[in-house]
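The sequence lines fix the lettering, A, B, ..., with proteins before strands; numbering per chain opens at 1. Below, all heavy atoms of this structure are taken into account, side chains as well, without hydrogens, waters or symmetry copies.
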There are 2 protein chains.
Amino acid sequence: MITNKNCVIRLSRYKNALYRLQSLGFVRVFSDNLADAIGVLPSQVRKDFSLFGITGNKRGGYNIDSLIEKLNTILGKDQLQKVVIVGTGNIGSALMKYKGFEKEGISIAACFDIDPAKINRQAKIPVLPLEELKDFARANQIKIGVIATPDVAAQSALEMMLSAGIKGVLNFAPLRLRAPAEEIVINNVNLELELENVIYFVNALDKTRAA
Amino acid sequence: MITNKNCVIRLSRYKNALYRLQSLGFVRVFSDNLADAIGVLPSQVRKDFSLFGITGNKRGGYNIDSLIEKLNTILGKDQLQKVVIVGTGNIGSALMKYKGFEKEGISIAACFDIDPAKINRQAKIPVLPLEELKDFARANQIKIGVIATPDVAAQSALEMMLSAGIKGVLNFAPLRLRAPAEEIVINNVNLELELENVIYFVNALDKTRAA
DNA sequence: TGGATATTGTGAAATGAGGAACATTATGAT
DNA sequence: ATCATAATGTTCCTCATTTCACAATATCCA
């Protein structure tokens, strides 16, 4: 099993680039096209593919259609992925409306909130009481959850997900969640931190240039 | 200059953990406390600090107040950072309302959109026509921008930012932006990709366990 | 058909980040 | 005041990831 996160992220990027090339009418692609598209070296592209047993044709490059298919299989995109969101604040509701997931074969099955005023069972994406998370997730075989709650609620949201049989979490709360690593995969997205990082490098470059 | 992004991200995490410890009334902290708080080894904490010239007291650990101060200086948080957002779709408007930035000393000075229907000069965070970006950014000394436009508009948004003197960008559009690396820092946040990554590891772990 | 060439696939080298270990020194107890 | 001890700061080492380099080979053209 490949555990290198960067490598898997590159696979997703290759796939996105391939969809663009495909829609432009291209049929074949070479490692240096893909490399340029996502900003790495051609040898990196070939090495990544090699790691996952993807092969092309010497002198002929890779067939775009079959490459996309292989990447989708590796990335688990050959079947629709249903996810649930906990928390319907700013981020939660933006994610609910976000079109980007649908076109990637990711469907938001339901949202959950602790606030009774937020409940809406009739909406296209229903908003349900948090207590129902466990039953809903089990009944609908949900394996992936998104945590978009305030900080203080995040850990308990995670624990509810764990007990609901959820195996993967995308966490937007800016703190470290505690869970047994063998049981659940957690990816963190921290917007403040990403911005802070940009700010650091802008300042650092500035200082370097000044010197 | 330190170019290791992970290392800078850890600094931000230390800072967040320190604020929590501070609010709990702690005065001193040891490398293993911080390590545990953000999920790394104590030697990593000390190494990180050492890289940035932060020192504590042998046997006495680090003083929380002064450590926070040092980190804030390093991270460029000693002064209020003003940012602009281009694009007022789902993500753009979620960011506008998001409370997380304010408490980190990041203030959203204005949003910009190409759609005249979105313009609102009276709002607390004004929404202005895209043509005004350049003048606004220059007049207000904005150095940091957020791209929250649809894919097709992202590259041109970046170029407007470049010409407006913006030096750092947080990009939510799921494609690679082209720009001279010496002139501008770009961080990408790609939500589909993050979810895809979670999905991959959930599947991969599942297969490993089955075998 | 055959030879020239472009492109892959992979083994080996280089790079860089993370972890271990330990010498150093500040603190607190006796 | 002295000693035992706990924590830092830094050096060294290991390991993973990236990059290089080149042999193998499919394709194209004459």
Side-chain angles (χ1 to χ4, degrees), chain A residues 1-14 17-18 21 26-68 70-71 74 176 181 188 197 200-201 204, chain B residues 1-14 17-18 21 26-68 70-71 74 176 181 197 200-201 204 208:
Chain A
M1 174 190 157
I2 281 86
T3 55
N4 180 338
K5 183 177 168 179
N6 287 333
C7 180
V8 177
I9 285 193
R10 284 195 299 271
L11 291 194
S12 292
R13 293 197 205 275
Y14 298 141
L18 286 166
L21 291 169
F26 288 95
V27 173
R28 300 191 309 182
V29 69
F30 302 113
S31 60
D32 56 334
N33 304 137
L34 281 172
D36 185 57
I38 81 158
V40 298
L41 294 172
S43 57
Q44 176 96 77
V45 177
R46 299 198 297 275
K47 174 75 79 167
D48 286 341
F49 288 176
S50 161
L51 273 171
F52 286 94
I54 293 174
T55 95
N57 293 326
K58 291 214 192 327
R59 178 124 192 199
Y62 304 85
N63 177 281
I64 292 182
D65 290 355
S66 86
L67 192 47
I68 288 177
K70 282 173 192 162
L71 289 174
I74 292 167
R176 180 182 173 218
N188 296 290
N197 195 256
Y200 167 82
F201 280 104
Chain B
M1 174 193 159
I2 280 86
T3 55
N4 181 341
K5 182 177 168 179
N6 287 333
C7 179
V8 177
I9 286 194
R10 283 195 298 272
L11 291 194
S12 293
R13 293 196 203 277
Y14 298 139
L18 286 166
L21 291 169
F26 289 94
V27 174
R28 300 191 310 181
V29 69
F30 303 112
S31 60
D32 56 334
N33 305 136
L34 281 172
D36 184 56
I38 80 157
V40 297
L41 293 173
S43 60
Q44 175 96 78
V45 176
R46 299 199 298 274
K47 172 73 86 56
D48 287 341
F49 288 175
S50 163
L51 273 171
F52 287 92
I54 294 175
T55 95
N57 292 326
K58 290 212 192 337
R59 176 124 192 202
Y62 304 86
N63 177 279
I64 291 182
D65 291 354
S66 88
L67 192 47
I68 287 177
K70 282 174 192 161
L71 289 174
I74 291 167
R176 182 185 172 216
N197 195 256
Y200 168 82
F201 280 104
T208 307

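Per the geometry, CG belonging to A/Asn63 stands 17 Å off P belonging to D/dA26, to the nearest Å. Taking atom CZ on A/Arg59 and atom P on C/dT8, their separation rounds to 11 Å, with Å as the unit. Atoms CZ (A/Phe30) and P (C/dA6) sit 11 Å apart, rounded to a whole Å. Atom OH in B/Tyr62 sits roughly 14 Å away from atom P in C/dA26 (whole-Å rounding). Separating the CG atom of A/Asp48 from the P atom of D/dT18 is a distance of 7 Å, rounded to the nearest angstrom. Atom CG of B/Asn57 and atom P of C/dT25 are 13 Å apart (whole Å). Here D/dT8 presents its P atom at 10 Å from CZ of B/Phe49, a figure rounded to the nearest Å. Atom-to-atom, CD of A/Gln44 to P of C/dT8 comes out at 15 Å; the value is rounded to the nearest Å.
Positionally, the nearest nucleotide of DNA chain D for B/Pro42 lies more toward the 5' end than for the other of A/Lys47 and B/Pro42. Both A/Asn6 and A/Gly60 lie near DNA chain D, and the one whose nearest nucleotide falls closer to the 5' end is A/Asn6. Closest-nucleotide positions on DNA chain C for A/Ile54 and B/Arg46 were compared, and the one nearer the 5' end corresponds to A/Ile54.
Across all strands shown, A/Asn4 has heavy atoms under 4.0 Å from sugar-phosphate atoms exclusively, and none from any base. Using a 4.0 Å heavy-atom criterion, one finds that A/Arg10 contacts the sugar-phosphate atoms exclusively.
In this structure, B/Pro42 and B/Phe30 have side chains that are not in contact, with every pair of non-hydrogen atoms separated by 4.5 Å or more. In this structure, the side chains of A/Tyr62 and A/Asn33 stay at 4.5 Å or more apart for every pair of heavy atoms. At least one side-chain heavy atom of A/Leu71 sits under 4.5 Å from a side-chain heavy atom of A/Ile54. Between B/Leu67 and B/Arg28, the closest side-chain pair of non-hydrogen atoms is not below 4.5 Å.
Within the 4.0 Å cut-off from OP1 or OP2 of C/dG9, not a single side-chain nitrogen or oxygen of A/Ser50 is found. Contact annotation: A/Ser43 side-chain N/O to D/dT19 OP1/OP2 distance is not under 4.0 Å.
Side-chain atoms of A/Ser31 lie closest to C/dT8 of the nucleotides D/dA26, C/dT8, D/dT18.
Screening A/Val40, A/Ile64, A/Asp48, A/Leu18 against A/Leu34 for a side chain to side chain contact (heavy atoms under 4.5 Å, CB included) leaves a single residue, A/Leu18.
Under 3.5 Å, the side chain of B/Lys58 and the base of D/dG9 form no donor-acceptor pair of N or O atoms.
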